[in-house]
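Some notes on the structure that comes next.
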Amino acid sequence: MSFTNVENQVELIKEISGSDPYKCMKCGKCSASCPSYNEMDIKPHQFASYIIRGDVDELLSSKSAWKCLSCFACIERCPRDVQPGKLVDAARQLAERQRGGDHLQADEIPELLAEDLPQQLLVSAFRRYRR
Amino acid sequence: MQRIGVFVCHCGTNIAATVDVKKVVEMVRYEQGVVFADDYMYMCSEAGQEKIIEAIKEYKLTGLVICSCSPRMHEKTFRACAEKAGLNPYMVEVANIREQCSWIHKDKEEATKKAVILARAAIAKVNLNTPLKEGESPVTKRALVIGGGIAGIQTALDIADAGYEVDIVEKEPSIGGRMSQFDKTFPTLDCASCILTPKMVEVNQHPNITLYTYSEVEKVSGYVGNFDVGIRKKARSVDFDKCTGCGECMTKCPLGKIGHIPSEFDRGLKNRPAIYMPFAQAVPAVPVIDRENCTYFKTGKCGVCAKICPSKAVDYEQQDEIVTVKYGAIVVATGFDIINLDKFGEYAYNESPDVITSIELERLMNAAGPTGGHLERMSDHKQPKDIVFIQCVGSRCDNEEKGKPYCSKVCCMYTAKHAMLIKDHWPDTNITVFYIDVRTPGKNFDEFYRRAVEQYHVNYIKGQVGKVMPQPDGSLLVQAADLLDGKQIKMKADMVVLAAAIEPNPGVRKIATMLTASIDNNNFLTEAHAKLRPVESPTAGIFLSGMAQGPKDIPETVSQAGAAAVKVVGLLAKDKLKTNPCTAQCDTLLCNGCSTCANVCPYGAITYEDIQVNDHGLRETRRVAQVNLALCQGCGACTSACPSGAMDLQGFSNRQITTEVDAICR
Amino acid sequence: MPMNEENTEFRPLIVAFCCNWCSYAGADLAGSSRLSYPADVKIIRVPCSGRVNPMFILRAFERGADGVIICGCHPGDCHYSTGNYYARRRMALLFSMLEYIGVENGRTRVEWCSAAEGAKFSKTMNEFCEKIKSLGENVRLGDLRCKN
Amino acid sequence: MKYSYYPGCTLKNKAQDLDRYARASALALGFELEEIPEWQCCGGVYPLGSDEIATKLASVRALNYAKEQGQDLITLCSACHHVLKRVNDDMKNVEDIRTRANNYSDFAEPYAGETKVLHFLEVIRDVIGFEELASKVVNPLTDRKIGAYYGCLTLRPGKILDFDDPENPKIMEDFIKALGGTPIIYSMRNECCGGYTALKDPEFTKQRTAQIFEDSTGFGADCLITACPLCMYNLNKSDAKAKVPVYYFTELLAEALGVKEEA
């Protein structure tokens, strides 16, 4: 698959996420619920607009893609079934599928390891930060 | 052989933009029976109708096909037009080339082709049409209003003032409805009971109005002008005629202090005794015994109320009573409730007594309410200093398990009202309203909302709240995002008020089914036409008033109630109604008296009689079906059930429908 | 005679029986809301879904229809109280018989659509058309004399 | 009663307590956990993308194994519970994922979500019953004020996991009551601990866990219980002033049932 144009990426995000950004009514309940709100540069209630406008590159290179905790609070509470968490996760996957998009390098690991670190943390981080 | 005229309407550009009208005229000109075909800009206009009348006379037309909008729109118009020219109105058929063709198709060629086919089907049908004559049925000059809230009260008063008898059926012990629970009303801040109570009293005293409170509609049969309605008068356990409304029984009921029976009227913020009136100004001022909770009914012991009643009005033996009354028209004014908030756990409504709904706030601010009008938290009875309002809780919600897809319409305004009333009484209170959009269309409405901001300094923040978290210190932490400032907010509050979505009264579905009145996915009653017939149900003789039809505020409800009343009066003013001539007919030569048709007829319109027939010289007595034309509503159930093909429906006969099928499949 | 001969794409012929009170009004709403569905659908107005005689459906297939759909009020909402219940049971029997003689089940359908469900009407018709297209032309009951 | 059991990576290693106490307690309650042979790690995070197949296969294999045994599948770890239930839901309801996942596998017959996935707590609630549990308690946790920390993965999305009300759960509170303890309800119990960001962003998780401790102890909790090894790790790493001990729910269960020493 190649990502040559913006429409293609927008379509991919819609397909991967299975969610329809046009349903968003900007109520902001996602941003109100998000535990990572302050860590994010693009806020959850803005995800839909970025995709509608086609500003996918910005979303892909945003901090937000790596700051979502996948805690599903926004998905559970979204009154419009837009599920911003799914949109940003799709963006994260697109970023990872592109060359050099990984957020975690193998060399980093030893430094980050702690004695009592559970395997779950490692596998989750790998799932979330790398292809 | 018919002489048919075909008239194709442009409907301005509504049809002509997508259907080649001229071509349709050319294509149908040589269909069987067609002697004249023409097109015109607006067929329904006076000039258009004039054209039809001229053609009928000039070409001696015996049948008409109008290719235009839906027959549900203008069939009546064109039938009347035919009648004017001396043609039987039932010789008219409408081909729906607007709603079913030009409005939904883009490709002109394709749409034109379809329009021709639809016209052909109508022409084929008219070839088989026969003149039909409408029957007449009498009108019972009495109306029923279901629901005794402000909508039902206003409708009943208007009908009664016009000189017709009207009954109100209300399932609660008193009329008054939701409005009687409110404190003040927007946008003028009059006290709700000050403007409602006089109307309630007027209803009670009006010679033309009969009240059935604590009663429910149980059964409906009949049709427009002639409904038979069974009303269940639930046992009040108090003799209506003897009770003076002194209220002694209510103060002495032992359960009043220890019963823990939540008052429905006070939304559970206060308890009530087992023998009770919902509120002090109840109409009628006669208490009822809540048999489910009453100690006497549960254990056979107690009997205090009967003992102390000075007029010996308490009657434990009273039974439910069912009365059947005839009506000419029925108005549904069943009102609304707010949705259950169990699915909105994030707002901690079930967890914290200090998270309340707006209706509960109405009660808390009402001088006759559980706190005597002093605003206090239910947890510690302290006056709240910081109050947060959350809008759209369950409104505009796409998740049907949780909420409703529509805007509840009144919340923005009543929230501004609440904010201002609180600030008026307790100016030190800090009020924050979290909104998605502030919607204030209406006369003096936006000014009202702006006053809350400009004069009362109510803090409006755009952004739906994410979560309300009860804190160890008894406060509530409200987590939200200010979307315009781009900040996440955590704000402490003493009280949180939820603007819960409005939904039609849950009982309305049962009533709609009994009335065969159509109802939408959200349980709002459907109007006959969204714009032109907004207070009528598609079912003849059924009218709509108030929230049962859709969210609306009090001024709108009152206007609609008046409009429904006018429609009812218009109906009752007639002595006779024309009946639908499209009724079933039995071909006695084919009928073998099997009773299948009578079993499926919903109106009991089919009876049997013995006739003498001469079958090839053999004289015999045969049992055959007979249709009572006054009862038959023309559904045609008998026609498809009849095993011998003896039953047929005038206006939609087997041959007519078959020929339509043939024309479409040609 | 087809007006558009160069178009070789299969266009099915679909007959829809709509009751006057709910589904015909639903179709009107679909129209006034401009919710499109294929022109292949032609609607016949009947007072009630209970009026639809199995003969009409057989006739449609005999004359070359590729699909037949019957639309009525939702269960419990029939303007005549019970017509749609009879229709539902009658059609269940008819459809199983049709399948027996080779008219696939997908070619026939009963759908409930209220006067307020314009969107549902349009969606149903679109889906039904797609289904019929995937099934192709109906040849089983087609009277050869009536088709080119 | 026997169940297929999917322990998951962490329970075999850093979270052995969660596993060991569960097995002992299960026996005391009259059911047995049969560990699935050759299970593979679920990945810890459910791949949200609808086009992700490979990352779902480990779960599919475990699910199919349980189906072949004719057993329900039990998990203990919140993450495994989350991933397995969601993949199972995909296999049941999403045709595309079902087809493609089966194409990758060599099952005797295609897997279509037949297995019932249960969290250990669901077995106690729905099969054993809290009353029955209470009757088997020999060392009631009297005077213990216990805050249940649910985190996110056990509860959300509520519709698919069907575990409890995602905003106001009560299964762990009922569990604590059955063990004789006093459950402490607090608002942060279903808020995220920071999860896997602990690896690259430990300061952030510390902020989150501090709030959790503050809220729960504010309501009087003297300890917390969790079902998730990652929550456990993050909570333990906290340097919050309000920090209290955190236990796996199975540890308190084994203690109350009097089987802690045997485990």
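Proteins come first, then strands; the chains are lettered A, B, ... in the order of their sequence lines, and each starts at number 1.
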For C/V46, which atoms come within 4.5 Å of any heavy atom of chain B: side chain, backbone, both, or neither? both

Contact leader toward chain C among B/E110, B/R72, B/E660, where contacts are heavy-atom pairs under 4.5 Å: B/R72

C/A60 versus C/V68, closest heavy-atom pair with distance: CB-CG2, 3.9 Å

Would you check if the side chain of C/S23 reaches a backbone N or O of C/C71 as a donor-acceptor pair within less than 3.5 Å? yes

Hey, could you give me the SG/OH distance between C/C19 and C/Y80, rounded to the nearest 0.5 Å? 8.5 Å

Closest heavy-atom pair, B/C665 versus C/L13, reported as atoms and distance to 0.1 Å, is CA-CD2, 3.6 Å

Measure distances from B/R98 to the heavy atoms of chain C and classify the residue's part below 4.5 Å as side chain, backbone, both or neither. neither

For B/Y603, which atoms come within 4.5 Å of any heavy atom of chain C: side chain, backbone, both, or neither? side chain

Determine yes or no for a side-chain-to-main-chain donor-acceptor pair under 3.5 angstrom, with B/N127 supplying the side chain and B/I123 the backbone. yes

Relative to chain C, which segment of B/L515 carries a heavy atom at a distance below 4.5 Å: side chain, backbone, both, or neither? neither

Just to be sure I understand the criterion: a residue of residues 115-131 of chain C counts if one of its heavy atoms is under 4.5 Å from a heavy atom of chain B. Which ones qualify? C/A115, C/A116, C/E117

Could you list the residues that satisfy side-chain contact (heavy atoms from CB on, under 4.5 Å) with B/Q656, not counting sequence neighbours? B/K125, B/L128, B/N129, B/S653

Side chain, backbone, both or neither of B/A641 within contact of chain C (heavy atoms, under 4.5 Å): both

Do any of residues 84-102 of chain C have a heavy atom less than 4.5 Å from a heavy atom of chain B, and if so, which, in residue order? C/Y86, C/R90

Name the option with the most non-hydrogen atom pairs under 4.5 Å to chain C; the candidates are B/D520, B/L649, B/D107, B/T526. B/L649

Okay, C/S81 and chain B: the region with an atom under 4.5 Å from a heavy atom over there is both

Taking the side chain as every heavy atom from C-beta outward, state whether B/S68 and B/V94 have any pair of such atoms under 4.5 Å apart. yes

Would the distance check show the side chain of B/D648 and the main-chain N or O of B/N654 forming a donor-acceptor pair, the cut-off being under 3.5 Å? yes

Residues of residues 29-45 of chain C under 4.5 Å from chain B (heavy atom pairs)? C/A30, C/G31, C/S32, C/R34, C/L35, C/S36, C/Y37, C/P38, C/A39, C/V41, C/K42, C/I43, C/I44, C/R45

Whether the side chain of B/T112 engages the backbone of B/D20 through a donor-acceptor N/O pair (distance < 3.5 Å, no angle test) should be reported. yes

Donor-acceptor pair, B/T513 side chain versus B/R509 backbone, under 3.5 Å? yes

Considering non-hydrogen atoms only, spot the tightest contact between B/V224 and B/A540 and give its length. CB-O, 3.5 Å

Contacting moiety of B/I664, where chain C heavy atoms sit under 4.5 Å: both

Whatever's closer than 4.5 Å to a heavy atom in chain B on C/V52 counts as backbone

